[in-house]
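Computed from heavy atoms alone, side chains included, the values below leave out hydrogens, waters and symmetry copies. Just so we're on the same page: letters track the sequence lines, and every chain starts at 1.
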Amino acid sequence: MVATSDQAAAFRGLENWNYSGWMCSSWATRPPGITKGAGMNVSEAVKEAAQTPPAVERLSEERIAYLERLVAQAKAASAVFTQFTQDDVDRIVKAMVLAGLAKAQHLARLAVEETKLGVMEDKVIKNMVATEFTYNYIKDKRTVGIIREFPERNLIEMAEPIGVIFSLLPITNPTSTVLFKCIMAIKTRNAVIFSPHPKAWRCCSEAVKIMYEAAVQHGAPEGVFSCLESHGLQDNAYLMRHKDVSLIDATGGPGAVKAAYSSGKPALGVGPGNTPVYLEKTADLNTSIVDILISKTFDNGTSCASEQTVVIDDEIYDLALKKFSELGAHICNEKETKLLEHTLIDPQTGFMQPMAVGQKATDIARFIGVSVAPNTKLLIAPIQGVGREHPLSAEKLFPVLAVYRAKSVDEALKVCVDVNHAGGLGHTAVIFSRNDEIVRKFGEVINAGRIIVNSPGSIGALGAVYNDLVPTLSFGCGTGGGNGTTDNVNIFHYLNIKRVARRTQAHMWFRVPNQIYFNMNAVENLRQFPSQSTIIVTNPALEHIGHVNIVRRYICPQTRVHVLVIPDAEPEIQVVMQGVESLNSYKADQIIALGGGSVIDAAKIMKLKYESPEADLEELAAPFLDLRKRVVQYPTDKIHRARLIAIPTTSGTGSEITPFAVLTDKKRGRKVTLADYSLNPDVAIVDPQFVMSMPKSLTADTGIDCLTHGLEAAVSSYASPYTDSNAMQAIRLAFKYLPIAYEHPRDEEARCMMHNAACIAAMAFSNASVGVNHALAHAFGARFNVAHGRANALMLPHVIAYNAAVPAKFMPSPYQYGYVAHKKYALVADLLGLGGSTVEEKVKNLIAATEQLLDQLEFPRSIADLGISHAEFEQAVPELVKIAFDDPSWRSNPRMPLLSELAELFWRAYEGRGLTKAAAAPRQQIA
Amino acid sequence: MVVRMATISAWLNIDGNCVVSALQEAAEKLDGAAGEVVLEFESVRRINSSALQAIEGLASAADKKAVKVVLRGVNIDVYKVLKLARLTSRFSFMS
């Protein structure tokens, strides 16, 4: 319906005001001449105005000076306020609350007289909730200094005031909103400039005055509150963009919220609602009907949280309507419903006509020409659907309620969702039901910041009356309503919360198998492990030289023993799966892995797949940064249980106690590294008799691998006193016994000590991990088919020098305090008795000793020595760098390697001897 | 060669119990200050809106008279108030 030109002119001012989202016209202020049923077409003007930026330039100089004075005053007040203590603000708040309570009725009367909306008695309640209930919630809450402490997290939260808040006030709840916002502002030490709705200016300014006087009288800074003396859109636009306004708190309709959010300032905006209600058949009908009546008639339905459409289960529909009728509701017939639709909802926009807002049911009935009983509280209009074709399914801030008859729970939920999406997203929804499952489902499907159960929507949403929600007069509607929060807005939205996070002591760990047997003939300990069926996993050479027979000798009698011989190479998935078949067919309860790293790794993966066939090796190999925070978890459900006993036959990898296993995927041409403590063997038997026949080159390769494990674990960013002790001991043993074991392979003591050193180094690196040396060696070894230990040896002196220098980039690590790698190396040098009076000297001596050891072991001392041409290496370096950088080993390196540094390290290794010419250096005796 | 005379600063104590009047008094003495005035804030624990206004007035007066105003012993709470009021750039501070 279109208003006449005179009517339109009469309401032009009000149309403009709708830009800020306040409800404008009211029934009682309707200008003469508007006939029954005539609606004013304000909504288009609202829409258009909302899209047009206000013309700030139209403000006069005097007006700008006035606004600047308001801001300057508020700014100064907020600055002074920062000095106030918690006691100061609590004292002021209490005085304000008492003043507000004393004037609750006075302000309610003023509001109704001025706005012509709502019910005076209900507005008194609103004013009291805004003061007393808010006070009850905030009185013991800290808003100054430290507001919360989390000692177990080493974290404290501190309050920082926001500064100057520009606050838009609605026509529907004018004075209660003022009281609420003033109390929140003082509690949080902020200053506020209020901009009331033009039709609620007198009551709002009176409320601000009451609050201001009480506050200043009890010590609040002068100028802490102000209220625009007159109003214009330009004022709002100017203040919303003012550099000294820190926050906009816009309580009102979508226009106000949109303007606030569009200003570029942080804003608290609350949005419109369209509250669906599901009256489910298990509900307590008597209570439900009364609750809906209480809520929908409260202040003549002006609350945006009030019920709009009640969806009633078919089984109780007739009875529910009968009860509504008995308690004072008028059930409209089809003709009356049509009249309501045409009169109260704008056919152009689908929104409610503003003049009906907050009016009595009887006045509305009279206006549309429907005869109702004089005590009618509510008009109930049955509808058959939701949306523009069913106008009464829209938001109606007056005592008209739509009802819908649902044939099933499914239909009821769908209709509620439709209502929710028809203008009420993020706001409020209500359900009456005793069926917890349906209540839960309703909560899942409805997008509302407040889902009120078995209580009145409008008062329930306010919080602290019917439930434990935070008390508020401003409902955050989340992104559904274009807001930044779904919370009930309260003091914590008026604060910047600072978090003071103290450094926490990172939890560390030290995990190794709980049984390690070592020294000559330790294999005899096999006798103590009972087994029905044991599989020995080994390789052909070890079987050939009789090691398997030695092991068999000590397995418990009556054990069925089967030998699984696998190739002497990194295990392939096919080999592993064949092993799992054997384990299944023999129903093994014990696996003995007899061999080097490859055999033990194969046995670890066989055990994993045997116990947990569903384990997806591909998924388990997913990368991770911190073992304890990894995304993929290893399986804990096991269909079999088998003890894994590892008996190493080399002295280097330490696989007998590590949680790692490497698998080769030949089909895809890559390696898969698995890491988890569940891969740790249950028992390790470190018996040197199995390494007495190791060839010299294998002794050197594996021995240097052991030394590299020790050195990298010692300086790792995951190093701890537990791993340090192992790393240091392993380094000492390797420096002392490796040359002897190399020169004199039958020296039992040297073999024994190197065998122990490898296991001890593994204890260190399986908990502290390794470093960049391994990343480089993995990449280089794989590309040029160089044994792992040999590749490590080529990198080792250069990596020590690299880690001992001041890093170009430090590695972030909660486990380390300061950069200590160079000092750790110096400590190693001291342990080895290498001499030196400064850290630098000691590091140099360690590098020299390392180079000397490598020479003794007759390692090639440069990549060039391997016969790799400069051109070939130069071509390979970019890819080597890429692969090395992808290698997880360096993530515990003390220094974060840059790509350029990795390339430089490769080139140093290519060229050979770095800082120290070991050949020229005097040979040192290792202590 | 230009020889500059040494500047003799005026040194005024701001009483924490009557900050506004002390600042007004200081503003009056700007004329006599030979280029610089030092205000001792040691006893000022907190300032109110009036004191803040007086400080702003003093800054404006000092600007006009080309007198440098040094605030000494300003505690951190008062300093933060001056910072929020964008006044710190208009003064020098001395510990």
Side-chain angles (χ1 to χ4, degrees), chain A residues 65 68-89 91-92 143-146 158-165 185-186 188-193 212-213 215-226 242-247 494-496 498 500, chain B residues 12-27 30 39-64 69-95:
Chain A
E68 285 295 332
R69 275 200 304 280
L70 284 188
V71 176
Q73 172 184 296
K75 177 89 182 152
S78 69
V80 169
F81 221 165
T82 60
Q83 305 164 103
F84 282 45
T85 64
Q86 187 71 63
D87 287 345
D88 292 337
V89 297
R91 190 184 62 247
I92 301 167
T143 50
V144 179
I146 294 175
M158 302 190 79
E160 175 80 19
I162 280 168
V164 178
I165 298 171
I186 293 296
T188 50
R189 298 181 297 164
N190 293 300
V192 188
I193 300 170
Y212 181 70
E213 285 175 357
V216 172
Q217 198 181 343
H218 288 84
E222 288 165 23
V224 72
F225 299 140
S226 58
H242 198 287
K243 67 177 171 32
D244 286 336
V245 169
S246 302
L247 176 78
Y494 269 29
L495 280 177
N496 291 310
K498 304 176 283 190
V500 181
Chain B
L12 298 169
N13 191 50
I14 305 299
D15 185 347
N17 294 320
C18 43
V19 179
V20 176
S21 59
L23 287 166
Q24 283 163 351
E25 193 185 326
L30 288 176
L39 304 183
E40 174 60 67
F41 263 66
E42 196 75 42
S43 68
V44 181
R45 198 177 61 84
R46 190 190 259 203
I47 56 172
N48 60 18
S49 302
S50 309
L52 188 62
Q53 211 172 351
I55 291 172
E56 196 168 5
L58 179 75
S60 300
D63 285 348
K64 276 183 198 156
V69 180
V70 179
L71 306 186
R72 192 191 168 282
V74 174
N75 75 32
I76 183 62
D77 294 330
V78 173
Y79 184 82
K80 185 166 179 180
V81 175
L82 299 179
K83 193 79 187 168
L84 289 169
R86 298 207 175 91
L87 286 172
T88 49
S89 61
R90 300 176 72 178
F91 298 101
S92 295
F93 290 86
M94 187 192 288
S95 301

Tell me if a side-chain donor or acceptor on A:K75 pairs with a main-chain N or O of B:L84 at a distance below 3.5 Å.
yes
Shortest non-hydrogen contact between B:A85 and A:A79, atoms and distance:
N-CB, 4.3 Å
Give me the atom names and distance for the closest heavy-atom approach of B:S49 to A:A77.
OG-CA, 4.4 Å
Heavy atoms of other groups near B:R45 CZ, more than 12 under 6.0 Å:
no
Should the heavy atoms of other residues, nucleotides or ligands under 6.0 Å from CD of A:Q73 be counted, would the total exceed 12?
yes
More than 12 non-hydrogen atoms from neighbouring residues, nucleotides or ligands closer than 6.0 Å to NZ on B:K83, yes or no?
no
Any idea which heavy atoms bring A:Q83 and B:V78 closest together, and the distance?
OE1-CG2, 3.7 Å
Given a strict heavy-atom distance threshold of 4.5 Å, which part of A:F84 is in contact with chain B: side chain, backbone, both, or neither?
both
Atom CD in A:E222, atom CG in B:L52: separation rounded to 0.5 Å?
11.5 Å
CZ-CG distance between B:R46 and A:D88, expressed to the nearest 0.5 angstrom:
4.5 Å
